[in-house]
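The structure appears right after this line, and notes come after that.
Residue numbers begin at 1 in each chain, while the letters A, B, ... track the order of the sequences.
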Amino acid sequence: MDLWPPCAVCMRLEKAYDPSQIEPAWAEWWVQEGLFRADPESDKPVFSLVIPPPNVTGALHMGHMFETSQVDITMRWQRMRGRSVLWLPGTDHAGIATQMLVERHLAKSGIDRLEIGRDRFLEHVWDWKEHFGGRIVGQLKRVGASCDWTRERFTMDTGLSRAVTECFVRLWERGLVYRGEYMVNWDPGTRTAISDLEVEYSPKVGSLWYLRYPVEGSDGEFITVATTRPETMLGDTAVAVHPADERFRHLHGRSVTLPLVGRSLPVICDEFVDPEFGTGVVKVTPAHDPSDFAAGQRHGLKCITVLDEEARINSAGGQYEGLDRYKARARVVRDLEALGLVDRVEQYTNNIGRSQRSGLAVEPRVSTQWFVRTRTLAEEAIRAVEDGRTQIIPDQWQRNYFEWMRNIRDWCVSRQLWWGHRIPAWHLEDGSIVVARSEREAREQATRRGQQITHRETDVLDTWFSSGLWPFSTMGWPDDTEDLRAFYPTSLLNTGFDILFFWVARMMMLGLAMTGEVPFHKVFIHGLVRDADKQKMSKTKGNVIDPIKMTDQYGTDAVRFALVASAGQGSDVVLKEERIAGYRTFANKIWNALRFVGMSLEKAGADVWTPEDLARFEPLPDEETGVVSLADRWIFSRLRSVAEEANDAIEAFRYHEVASTLYHFFWHEFCDWYIELKKLSFRSGGGLTNGWKNMLAATERSLRLLHPVMPFITEDLWQRLTANTPGRARSIALSGYPQPREGDADPLAERDVGILQGLVTVTRNLRSELGLPVREVVQGTVHSHDQAVLEVVAGEGDALLKLAAARFQGSHGKAPAGHALAHATEFDLGLDLAEGRKQAVRDKLEKQLAPLEKAALRARRRLANPHFTGKAPARVVDSARATLADYESRIERIRGTLSAI
RNA sequence: GGGCGGCUAGCUCAGUUGGUUAGAGCGCCUGCCUUACAAGCAGGAGGCCACUGGUUCGAGUCCAGUGCCGCCCA
């Protein structure tokens with residue numbers, strides 16, 4: 001990439017940072033250069049992660065962006081600190097969602113999938129995938145996700161499909177897959193079974209109808225049943241009462257007649273009946289209600305299905321055949337009313353289960369489906385978390401995981417769809433089934449049984465079945481590959497709590513069952529991205545903030561920073577555009593700081609530096625005086641602390657802490673104090689002095705600290721800063737992450753800069769409170785008992801003049817009465833002022849006195865308490881004494897000043 | 001019905017094992033175009049840490065209860 005022709009100092013930057021000028025090019029360069037390619041042969045320690053594969057037809061939303069930002073921080077950090085990193089990207093075929101999308105698309109051109117047939121339809125879906133599948137991948141590249149794009153996978157790739165078949169066959173062979181007629185959640189919209197997890201419940205106000213069924217052999221006697229779904233009465237095969245319910249003892253062993261149909265229904269006794277609900281008598285419809293289905297099994301009742309795949313009444317519904325379930329309901333009620341069999345109707349609110357996909361009310365339906373037996377799989381998955389092989393962070397999610405796993409039900413994995421992994425089962429002439437890795441293998445099995453294959457199973461597998469294999473199917477399983485050996489189990493999974501059960505739990509179960517190992521050692525669960533009103537972002541609400549739009553407008557770095565800085569560990573992000581704009585100004589600050597450093601270096605005539613100059617850990621002394629400047633000692637010490645905090649925070653997934661630490665350091669320490677102090681020693685034409693070398697090293701190290709969080713601007717500036725440095729890394733992403741070294745701490749420098757900052761701040765404050773002209777140099781005296789303060793006053797006169805516009809004399813001891821105007825812990829400060837300012841001084845000091853006296857009173861009371869001095873640890877008591885002494889000293893000095901002026 | 005989380009400045013949120021006068025960003029007020037940045041600089045105001053009780057020498061932090069908000073499961 002030759003965006004930057006070599007120049008003496010490649011730092012002639014525009015005044016304002018414009019991310020759109022640099023980001024797309026760097027994003028492309030990172031991919032082209034293959035900087036993030038994983039090396040299975042590396043002997044470095046490994047850090048690996050697979051991306052939660054987004055839907056292949058999807059577009060990047062803020063949730064992806066948030067997750068990607070966090071992961072990218074971790075991955076770039078791991079890479080910079082010398083790990084062999086694999087970040088494996090890819091996409092998911094998203095069975096139902098994609099099939100619906102393509103069906104809708106085809107419908108617009110008047111094409112019906114049932115007319116064109118399975119094969120033609122699948123061709124259309126693949127076309128669609130080729131056409132739109134690249135979008136989200138391109139967006140991930142654009143926002144700088146440092147994935148190994150050479151390893152991109154898709155859940156329907158040949159290799160992954162083979163893994164799906166292999167897994168299914170192995171589960172079948174172990175008796176962990178079974179097929180049978182059971183009640184499942186049926187989505188009449190997509191006309192497929194769906195799993196329990198794909199049903200979303202919401203309360204809906206409806207009616208509770210009380211229907212009267214005539215008792216047989218007892219003329220004129222009725223029993224009344226309560227139901228929310230009168231149309232299902234067409235499929236009733238019994239009525240039930242609780243065995244201990246005395247009210248209905250006389251009905252035991254009797255029968256009733258089902259109105260409209262005329263069928264005779266036995267009265268059964270079963271404890272599933274709640275005597276408190278309705279009348280205490282319930283109609284039993286085994287084909288259309290889960291608990292009725294179970295009761296039907298217990299009592300050997302017939303199961304009469306009256307609804308078809310689209311929830312219309314079928315031929316078993318007699319005169320109602322062909323009616324939609326809601327129309328049928330109205331007709332049934334009307335007809336019963338006409339017969340006087342509707343006793344009454346009450347308003348009733350119940351929870352309606354809706355399909356996550358179609359939004360239609362789910363219909364409990366008996367059908368033949370494939371299930372994974374989950375109990376033993378779940379037990380192993382629970383154990384793996386209990387014994388710490390996999391750690392869930394933050395740990396509150398562990399409880400949810402255990403709770404769900406312990407109450408898990410068998411997993412319905414068959415879907416009546418076309419787009420997905422077709423179940424590797426073949427039907428034989430005698431109605432039996434073989435499960436096999438291939439049609440040939442199936443034929444062999446059939447032959448052994450003396451049978452012929454009639455056809456292959458038409459159902460496909462739940463999308464989450466293939467997603468459940470993702471951590472190892474993507475690395476070549478079931479073969480024993482180099483990647484699997486190097487990178488599996490993966491180190492970390494970063495994902496949202498919304499798919500903890502859908503995905504994480506299934507990966508745990510299938511991973512352990514197939515590979516004998518946990519799929520990942522740590523799971524970090526992040527929160528949701530919400531809008532400014534804390535609402536979930538959704539297309540239907542129209543409140544989505546498009547990450548790509550924000551990226552184009554403010555820069556990826558700003559969007560990433562806003563996302564990670566806005567969320568405490570594991571908590572939701574409330575995202576406002578102003579916040580993103582705020583971090584663009586931070587990027588601009590960095591840009592200008594580097595612009596200034598570059599310009600100044602150019603003026604100084606320094607243009608070439610060595611890697612050693614950049615990697616310096618100890619500041620160099622001034623060539624003439626042989627002394628290391630206070631500013632340099634201080635910034636090197638601060639860099640050490642910040643490196644420590646940043647490393648610790650990233651390691652522990654405290655991303656918001658990384659963000660705020662770096663933000664504060666760069667802006668309020670590096671820019672506000674370090675650069676300002678260094679300006680004092682800037683000279684033209686002096687070349688690359690030691691002072692410059694120190695600044696260069698500090699600047700470069702700051703960029704490296706920031707890189708994982710703000711990859712684009714730091715890459716760009718780092719490339720410019722090091723353009724003429726021989727032997728440097730190709731990219732900042734491949735340079736080292738700053739590590740704290742014990743010897744780099746300089747507590748004396750930190751103390752002295754603290755004093756300097758105190759003097760400057762107190763002076764500025766006085767200046768503002770007293771209304772002194774901003775740049776008028778004032779004279780004054782600093783009184784202190786502390787030798788360190790007097791040394792700073794004597795040694796940092798230039799800094800005080802520049803930063804506080806003041807010339808100070810040091811004076812040992814207390815200030816004479818009335819001379820000082822400000823009283824800090826370590827010093828009194830006096831300025832030479834005209835008389836007229838005295839009242840302002842008085843106001844200011846009196847304002848300070850009140851809270852100080854309150855605090856002193858509290859401290860005094862505490863120290864007077866013998867329980868405190870007796871029981872609290874000595875260090876706490878000592879520090880309380882010191883604090884009180886400080887309060888009292890300041891109060892006394894302020895009072896002294898007040899009475900003297 | 002069972003479970004989980006939250007309640008701290010006008011807004012969005014930090015606050016590690018209990019220990020000085022509770023922090024940040026944004027917003028607000030005042031003054032500055034100081035030779036990197038007005039997307040800037042300097043200064044400032046603003047808080048019964050939801051409520052009640054308890055443990056403790058000491059509670060935003062630990063315990064119990066109450067209220068409100070949100071989420072998950074049935």
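Within the nucleic acid shown, A:R890 comes within 4.0 Å of at least one base atom, counting heavy atoms only. Nucleic acid contact for A:L852: base, since at least one base atom lies under 4.0 Å from a heavy atom of the residue. Within the nucleic acid shown, A:N588 comes within 4.0 Å of at least one base atom, counting heavy atoms only. In this structure, A:S571 reaches the sugar-phosphate backbone alone: every heavy-atom distance under 4.0 Å involves primed, P, OP1 or OP2 atoms, never a base. When heavy atoms are screened at a 4.0 angstrom cut-off, A:A593 is found touching base atoms of the nucleic acid. As judged by a 4.0 angstrom heavy-atom cut-off over every strand, A:R764 is placed among residues touching the sugar-phosphate backbone only. Heavy atoms of A:K576 sit under 4.0 angstrom from primed sugar atoms or phosphate atoms, though from no base atom. Counting non-hydrogen atoms under 4.0 angstrom, A:R862 reaches a base of the nucleic acid. At a threshold of 4.0 angstrom between heavy atoms, the contacts of A:H664 with the nucleic acid are absent. Using a 4.0 Å heavy-atom distance criterion, A:T883 is classed as a base contact. Residue-level contact check: A:V574 touches the backbone only, with heavy atoms under 4.0 Å from sugar-phosphate atoms and none from bases. Heavy atoms of A:Y663 sit under 4.0 angstrom from primed sugar atoms or phosphate atoms, though from no base atom. Within 4.0 Å (heavy atoms only), A:P866 reaches no atom of the nucleic acid at all. Looking at heavy-atom distances under 4.0 Å, A:Y583 makes no contact with the nucleic acid at all.
Taking atom P in both B:G3 and B:U66, the straight-line distance is 13 Å, to the nearest Å. Nucleotides B:C28 and B:C11 place their P atoms 15 Å apart, quoted to the nearest Å. Rounded to a whole angstrom, the distance from the C1' atom of B:U52 to that of B:C68 is 15 Å. B:C62 sits 10 Å from B:G6 when the P atoms are compared, rounded to a whole Å. Taking atom C1' on both nucleotides, B:G18 is separated from B:U56 by 9 Å, rounded to a whole Å. Rounded to the nearest Å, the gap between the C1' atom of B:A59 and that of B:U17 is 14 Å. B:G60 and B:U20 are spaced 11 Å apart, taking the P atom of each and rounding to whole Å. Taking atom C1' in both B:G58 and B:A22, one finds a spacing of 16 Å when rounded to whole Å.
In this model, a side-chain donor or acceptor of A:E676 finds a partner on the base of B:A36 within 3.5 Å.
Considering only side-chain atoms of A:N400, the nucleotide from B:C41, B:U21, B:C4 that sits closest is B:C4. Nearest to the side-chain atoms of A:F596 among the listed nucleotides B:A36, B:A74, B:G40 stands B:A36. With distances taken from any side-chain atom of A:K679 to the nucleotides B:G40, B:A36, B:C4, the minimum falls on B:A36. Out of B:A36, B:U12, B:A42, the shortest distance to the side chain of A:C671 is found at B:A36. Closest to the A:T585 side chain, of the nucleotides B:A36, B:G19, B:A39, is B:A39. Closest to the side chain of A:D672, from the set B:G5, B:C37, B:C41, is B:C41. Ranking B:G44, B:C26, B:G70 by closeness to the A:N765 side chain, first place goes to B:G44. The A:F501 side chain lies nearest to B:C73 when the options are B:G5, B:C73, B:G25. The nucleotide whose nearest atom lies closest to any side-chain atom of A:R399 is, among B:C4, B:A38, B:G43, B:C4. Comparing atom distances between the A:E769 side chain and each of B:C37, B:G43, B:C13 picks out B:G43 as nearest.
The partner of B:U20 is absent, by the rule that a Watson-Crick or G-U pair needs both atom distances under 3.5 Å. Across all strands shown, B:C4 pairs with B:G70; the Watson-Crick or G-U wobble distances both stay below 3.5 Å. Under the Watson-Crick or G-U wobble criterion, with both distances below 3.5 Å, B:G65 is paired with B:C51. Nucleotide B:G27 forms no Watson-Crick or G-U wobble pair with any nucleotide shown, as no partner meets the under 3.5 Å limit on both distances. Using Watson-Crick or G-U wobble geometry with both donor-acceptor distances under 3.5 Å, B:C32 finds its partner in B:G40.
For A:K589, no side-chain nitrogen or oxygen approaches OP1 or OP2 of B:A38 to under 4.0 Å. Applying the 4.0 Å criterion to OP1 and OP2 of B:G40, one finds that A:N592 has every side-chain N and O outside that range. The side chain of A:H668 contributes an N or O atom lying less than 4.0 Å from OP1 or OP2 of B:G25. Residue A:W667 places at least one side-chain N or O closer than 4.0 Å to OP1 or OP2 of B:C41. Proximity of A:K15 to the phosphate of B:A39: no side-chain N or O atom is located under 4.0 Å from OP1 or OP2.
For the pair A:S660 and A:R654, both in contact range of RNA chain B, the more 5′-proximal nearest nucleotide belongs to A:R654.
Taking the six-membered ring for Trp and thresholds of 30 and 60 degrees, A:F666 and A:F586 have ring planes more than 60 degrees apart, a perpendicular arrangement.
There is a side-chain donor-acceptor pair under 3.5 Å between A:N592 and A:R595.
Within the structure, side chain to side chain donor-acceptor pair (under 3.5 Å) contacts touching residues 397-406 of chain A (residues at least two apart or in different chains) are A:E386-A:R406.
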For residues 757-765 of chain A, which side-chain N or O atoms pair as donor and acceptor with protein atoms under 3.5 Å away, sequence neighbours left out?
unit_1: A:T761; atom_1: OG1; unit_2: A:Q757; atom_2: O; d: 2.7
unit_1: A:T763; atom_1: OG1; unit_2: A:L759; atom_2: O; d: 2.6
unit_1: A:R764; atom_1: NE; unit_2: A:L803; atom_2: O; d: 3.2
unit_1: A:R764; atom_1: NH2; unit_2: A:L803; atom_2: O; d: 3.4
unit_1: A:N765; atom_1: OD1; unit_2: A:K844; atom_2: NZ; d: 2.5

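Nucleotide B:G70 holds its C1' atom 15 Å from the CG atom of A:D498, rounded to whole Å.
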